[in-house]
Amino acid sequence: MENKYAAQKKHLRTHYVRFSLDLRPEVLEEFKAICARRGTTPTTEIKKFIDSYCKQTQEEQIDNEYGKKPEKQER
């Protein structure tokens, strides 16, 4: 049973890297609870954010190359 996931673990370790994040425990627990209520996981939501952020940044860089000013983000 030990080798059941050996190939999967090897694939993950050769094609992915870990990204650790320090959070206050209460922030992490709240985030986990919200994700659970929405039927998702913290990992999925963080990956979606990173993907969206990278795409947005790439689009802004392309716009800047053609003389368009980036839109300011609301906080």
Value rounded to 0.5 Å, distance of CD1 in Ile50 from CZ in Phe19: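 The CZ atom of Phe19 is 5.5 Å from CD1 of Ile50, to the nearest 0.5 Å.
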
From Gln61 CD over to Thr57 OG1, what is the distance, rounded to the nearest 0.5 angstrom?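 Answer for the CD-OG1 pair, Gln61 versus Thr57, is 6.5 Å.
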
Can you list everything that forms a salt bridge (Lys or Arg N to Asp or Glu O under 4.0 Å) with Glu30? Sequence neighbours excluded, please.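 Listed in chain order: nothing, the list is empty.
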
Taking salt bridge (Lys or Arg N to Asp or Glu O under 4.0 Å) as the definition, give me every residue that meets it alongside Glu59, ordered by chain and number, with sequence neighbours left out.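 Expected list: none.
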
Got a sec, which residues hit side chain to side chain donor-acceptor pair (under 3.5 Å) with [X], two or more places apart in sequence or on another chain?
X     : value
Glu45 : Thr40, Lys48
Thr44 : Thr41
Lys55 : Asp51

Write out all pairs satisfying salt bridge (Lys or Arg N to Asp or Glu O under 4.0 Å) with one or both partners inside residues 17-28, taking only residues at least two apart or from two chains.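 Only Arg24-Glu26 qualify under salt bridge (Lys or Arg N to Asp or Glu O under 4.0 Å).
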
Just to verify, which of Arg13, His15, Gln8, Lys9 counts as forming a side chain to side chain donor-acceptor pair (under 3.5 Å) with His11?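 Between His11 and the candidates, side chain to side chain donor-acceptor pair (under 3.5 Å) is satisfied uniquely by His15.
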
With the 4.5 Å side-chain cut-off for hydrophobic clustering, are Val27 and Ile34 part of the same group?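 No; Ile34 is not reachable from Val27 via cluster members.
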
Count I, L, V, M, F, W, Y as connected when their side-chain heavy atoms are under 4.5 Å apart, and connections chain through other members. Are Tyr16 and Leu21 then in the same cluster?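 No, Tyr16 and Leu21 fall in different hydrophobic clusters.
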
